[in-house]
Structure formats: structure tokens, C-alpha cells
Amino acid sequence: MATIKDIAEESGFSVSTVSRVLNNDKNLSVPDETREKIYEVAEKLNYRKKTVRPLVKNIAFLYWLTDTEELEDIYFKDMRLEIEKSAKKANVEMSTYKISEGIDNIPDTIEGFIAVGSFSDAELAYLRGITANGVFIDTTPDSDHYDSVRPDLAQITKKTIDFLMEKGHKEIGLISGTYHNPNTDEDEMDIREKMFREIMQEKGLLNEKYIFCRRGFSVENGYTLMSRAIQKLGDDMPTAFFTAADPIAVGSLQALNEHGISIPSRVSVISINNISIAKYISPPLTTFHIDMKEICKNAIALLLERVLDKRKIVKTLYLGAELIVRRSTN
């Protein structure tokens, strides 16, 4: 069985530091990287105490998406599974609550929450009434009170346009979903569309007829919108399309292939997420890789800072993405 001395030798830290970290000494001041390294080595060596990390109970996972929304966008299913895995690794006990159950079903005894989906002002007010410890993933609905972790979609949109322009594209279209405002029940412009319009306008390249958006980030929506673009534009199609998410891209590629439009020699397609099927579709999809493991790990870490370290200041964390170039662009 591994000892504290073994962990100290493997990690490169002193026996004293390792011992105090593993015993959750609140008076010890060391960087988070040090704690994480010690925890990783302890797990690698199968160190067993009563617990390596403190057990955190009464955490709610608010999965504010319908079954249909998860089915249509595998991004959220991957997120849910990764959150559950990250929580288990961090010794966090979570209970899952779904939008169908209603906000009133969340008990006022929770220590904190991780939240995914869209929340109304009334729902946010309810949450503020029961806990100050919360982290939203993929959105920032209440930056005055709660933390959030999300991919930097504004920067990714900028990088997308820069990449396409470096390839010589000036006629660039957009296939995207919209943001559903839970307060008004209206569809609003998504951040990707906002940034696309702003950047293309600055470059003098914005062409309204190349933009196709409606609610939903599903394969079906991508197919419908790209079919609409093909019918409306005919030979006046742009040379490239930015699709806001991989499921939309899958549907868009299907529509282009059915109409005999060559990809990428006639139309290039680039997307966001890098879901598992992105490299297997025809042609393989150029897309930005969103590191779901990193997003969820950071969300759990922020929550633990709130619950265990009693941090009061609010944090909003934006994560970058890596461009994976495949054969859907030239």
C-alpha cells in the first residue's frame, strides 16, 4: 500500500506538504497546481485513507434541458456525462434535477449547484434565495452572483472568419440556431451570429442573404436551413459557410451532398464542437474542438472553491478551443 512518503517522492513535494494537503489542512497555502498534482499521484499510487478529497454532499445538478434537446445535440449529453464523471472524481455527491420537475423541486438544503441550460429571472431569484454557491456551464445568466465556465464562442467566431479569409474566402455565410429567452419565450440572436455580423461588417463583407438562422442546433435544423440556402441562392452560394455547431454542420453537409454541391471545392464548411462523428462524416468536418473534460473539471473546481474555501468573489471563465482541420474546407 502506498504511503505519504511514496507520494512525496513521486510528486516532488515534501512529506510535510503532502501530508497537510491529503489531510485538508485549511492553514496550508499552496498553489492549486500543487494540490492537484498531489491528488493525482495519490490516486495513481492507489493511496487510501478515509478519503483523499473531502466529501462534498448536497450538491444539485440542474440539467435544464428537455430529453429532445439532449437528443438533438450530443454536445449536452457529453457535458452531462462528463460532469457526472468529474464530480465522482472530486468526491462530490450530486443529485440531478431536470427542467420537467420544476425549480420548486430543488430543496433549500443544498450546499450548491452546477447548472446547464436556460434559466428565467424567476428561477434565478429562487436559486439566489437558497444558496450563494453555483456554477453555470455554457452560459452566464447571473454574473453578479454566480460563477460560470463556457467556451469562448466570440473568439472562436473570430478565429473562424480569420481562417476562412486566410484561405481566400470573402463570401462567407452563416447557418446557426438562435437563443431562446426563457423570460420572453422569444428567439434572440445567438452570440455566434452577433459576432459574425459584427466582424463581417467591420471587414465590409457582411451579406444578409448569406445568413440563415432559426431555433435549434440539431441535424434537422442544419439540413432545413442549408436546403433553404441552396433553394434561395442557387448559383449565388457563398464559397464558405460557418455552421454554429457540429449537428447543424452534419445536416448542412447532407443537404449539400444531396444537391450535388461539391465540398469543399465549391463550398467549404467549418463548425464548432468536434463531436465524435465529426471525423467520420463525408467529408470529414473541419471544426473547433471544445474540451468538455476541461470545462466540466473547471466547473467542479469553481464550485469547490465556493463551498470549501468560502470564496465570495464571482468568477467567469472562458476557455479557448483548438481548430481541427479536416477535408470540409480548402
Side-chain angles (χ1 to χ4, degrees), residues 56-66 69-70 73 75-76 79-80 82-84 86-87 90 92 94-157 177-195 215 217 244 290 292 294-320:
V56 179
K57 297 182 177 181
N58 296 327
I59 299 301
F61 178 34
L62 313 184
Y63 195 61
W64 241 233
L65 294 161
T66 65
E69 286 172 325
E70 179 181 86
D73 194 343
Y75 175 78
F76 290 109
M79 183 182 294
R80 174 175 59 79
E82 193 59 50
I83 274 290
E84 292 169 353
S86 296
V92 173
M94 289 195 320
S95 298
T96 300
Y97 299 87
K98 294 189 174 183
I99 189 172
S100 57
E101 301 172 40
I103 199 75
D104 294 337
N105 195 51
I106 300 167
D108 59 9
T109 55
I110 63 170
E111 289 290 328
F113 65 83
I114 298 285
V116 176
S118 297
F119 292 79
S120 68
D121 290 343
E123 290 170 328
L124 293 172
Y126 179 86
L127 293 173
R128 289 195 296 270
I130 60 177
T131 182
N133 306 320
V135 182
F136 288 88
I137 300 180
D138 218 44
T139 61
T140 309
D142 193 353
S143 59
D144 288 334
H145 299 92
Y146 294 119
D147 297 346
S148 63
V149 182
R150 56 191 303 181
D152 193 346
L153 294 178
Q155 182 65 10
I156 292 171
T157 301
T178 56
Y179 165 70
H180 173 241
N181 189 323
N183 296 306
T184 63
D185 199 32
E186 298 290 333
D187 291 341
E188 298 178 3
M189 201 177 292
D190 177 77
I191 182 63
R192 283 156 284 196
E193 182 183 353
K194 288 180 182 177
M195 289 305 301
R215 183 186 296 189
F217 290 82
I290 302 295
M292 190 61 69
E294 196 67 23
I295 287 176
C296 296
K297 182 180 76 172
N298 276 278
I300 294 292
L302 289 178
L303 182 65
L304 294 180
E305 287 178 13
R306 286 281 202 153
V307 174
L308 298 178
D309 300 336
K310 310 304 180 184
R311 171 173 55 81
K312 301 298 182 183
I313 190 170
V314 180
K315 292 184 179 182
T316 300
L317 180 61
Y318 288 91
L319 299 184

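If you're wondering where the values come from, they're calculated on a predicted model, not measured in any experiment.
Annotation: side chain to side chain donor-acceptor pair (under 3.5 Å) contacts of Glu294 (sequence neighbours excluded): Asn298. Residues forming a ring pair (Phe, Tyr, Trp, His ring centres under 6.0 Å) with Tyr63 (at least two apart in sequence, or on another chain): Phe61.
Of the inter-residue distances, the one linking Ile114 atom CD1 with Ser86 atom OG reads 9.5 Å to the nearest 0.5 angstrom. Taking CD1 of Ile300 as the start and CD1 of Ile137 as the end, the distance is 7.0 Å to the nearest 0.5 Å. Atom CG of Asp152 sits about 10.0 Å away from atom CG of Leu317, to the nearest 0.5 Å. Atoms CD1 and CD1, on Ile130 and Ile110 in that order, are 4.0 Å from each other to the nearest 0.5 Å. With rounding to the nearest 0.5 angstrom, the CG atom of Asn105 is 13.0 Å from the NZ atom of Lys98. Distance NZ/Lys315 to CG/Asp147: 7.5 Å, rounded to 0.5 Å.
At least one side-chain heavy atom of Ile83 sits less than 4.5 Å from a side-chain heavy atom of Met94. Here the side chains of Leu65 and Asp73 are not in contact, with every heavy-atom distance at 4.5 Å or above. For the pair Leu127/Leu62, a side-chain contact is recorded, criterion being any heavy-atom separation below 4.5 Å from C-beta on. In this structure, the side chains of Ile295 and Ile290 come closer than 4.5 Å at one or more pairs of heavy atoms.
Summarising the geometry of Val307 relative to Lys310, their closest heavy-atom pair is O-NZ, 3.0 Å, with the distance given to 0.1 Å. For Ser148 against Thr316, the heavy-atom pair with the smallest separation is OG-CG2, 3.2 Å. The two residues Leu304 and Ala90 make their nearest non-hydrogen contact at CD1-CB, 4.2 Å.
Of the possible donor and acceptor atoms, none in the side chain of Arg306 sits under 3.5 Å from a partner among the backbone N and O of Gly134. In this structure, the side chain of Asn133 engages the main chain of Glu111 through a donor-acceptor pair within 3.5 Å. Judged by distance alone, the side chain of Glu82 and the main-chain N or O of Met79 form no donor-acceptor pair under 3.5 Å. Of the possible donor and acceptor atoms, one in the side chain of Asn183 sits under 3.5 Å from a partner among the backbone N and O of Asp121.
Between Asp309 and Arg311 there is no salt bridge, since none of the side-chain N atoms of the basic residue sits less than 4.0 Å from a carboxylate O of the acidic one.
Taking the six-membered ring where tryptophan is involved, the planes of Tyr146 and Phe113 are perpendicular, since the angle between them exceeds 60° and thus also 30°.
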Would you check, one step at a time, whether the test side chain to side chain contact (heavy atoms under 4.5 Å, CB included) holds for Asp142 with Asp144?
-> CA-CA 5 Å; Asp142 193 353; Asp144 288 334; 4.1 Å; yes

Report the C-alpha distance between His180 and Asp185 in whole Å, list the side-chain angles of each, state the deciding distance to 0.1 Å, and finish with yes or no for side chain to side chain contact (heavy atoms under 4.5 Å, CB included).
-> CA-CA 6 Å; His180 173 241; Asp185 199 32; 2.7 Å; yes

Verdict with supporting geometry, Thr140 and Arg150, side chain to side chain contact (heavy atoms under 4.5 Å, CB included) = CA-CA 8 Å; Thr140 309; Arg150 56 191 303 181; 3.1 Å; yes

Mind running side chain to side chain contact (heavy atoms under 4.5 Å, CB included) on Asp138 and Tyr75 for me, showing each step along the way?
-> CA-CA 11 Å; Asp138 218 44; Tyr75 175 78; 2.8 Å; yes

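Looking at Tyr97, Tyr126, Phe136 one by one, the single match for ring pair (Phe, Tyr, Trp, His ring centres under 6.0 Å) with Phe119 turns out to be Phe136.
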